[in-house]
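Report on one structure; see the data block that follows.
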Amino acid sequence: MINRPLQRDALFKRPARQALPAVAADPGCVSWGQCYLKFIIGHQAVTCQFPATSKVNLMQDNMGANKGPVPDADRRKEMVRIFDEMPV
């Protein structure tokens, strides 16, 4: 169980000006938030997550991560590689 997986927006500082990578398209992500949430729930040890937001627009975006497939282990590795290559 993961509480506040988006680390109070800390995860969004690094890709702030980066386009969403193509690897996020297959699982149906349209935002960085959805990409992160799908990445997390795609881990075999995670059964649920609580994004915890008080903003309606962010809650609606987070709910979009409930649609479509979650990334498998290989896609998750590719997502980590892309994130690691982003400028800090």
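We're numbering straight along the sequence, starting at 1.
Two different hydrophobic clusters hold Val30 and Leu58 under the rule that ILVMFWY side chains link at heavy-atom gaps under 4.5 Å.
Scanning for side chain to side chain donor-acceptor pair (under 3.5 Å) contacts around Gln49 gives an empty result, with sequence neighbours left out. Residues forming a side chain to side chain donor-acceptor pair (under 3.5 Å) with Arg75 (at least two apart in sequence, or on another chain): Asp26. Listed by chain and residue number, Leu37, Asn62 satisfy the side-chain contact (heavy atoms from CB on, under 4.5 Å) test with Pro51 (two or more places apart in sequence, or in another chain). Partners of Val46 by side-chain contact (heavy atoms from CB on, under 4.5 Å), not counting sequence neighbours, listed by chain and number: Ile2, Ile40, Ile41, His43. Met86 is linked by a side-chain contact (heavy atoms from CB on, under 4.5 Å) to Arg14, Pro15, Gln18, Trp32, Ile82, Phe83, counting only residues two or more places apart in sequence or in another chain.
Contact detail for Phe39 and Met79: the closest heavy-atom pair is CD1-SD, 3.9 Å. Closest heavy-atom contact between Cys35 and Cys29: CA-SG, 3.5 Å. When all heavy atoms are compared, the tightest approach of Asp61 to Ser31 is OD2-OG, 2.7 Å.
Screening residues 78-88 for salt bridge (charged side-chain N to carboxylate O under 4.0 Å, His left out) gives Glu78-Arg81, Arg81-Glu85 as the qualifying pairs, with residues at least two apart or on separate chains.
Between the side chain of Lys38 and the backbone N or O of Lys67 there is at least one donor-acceptor pair closer than 3.5 Å.
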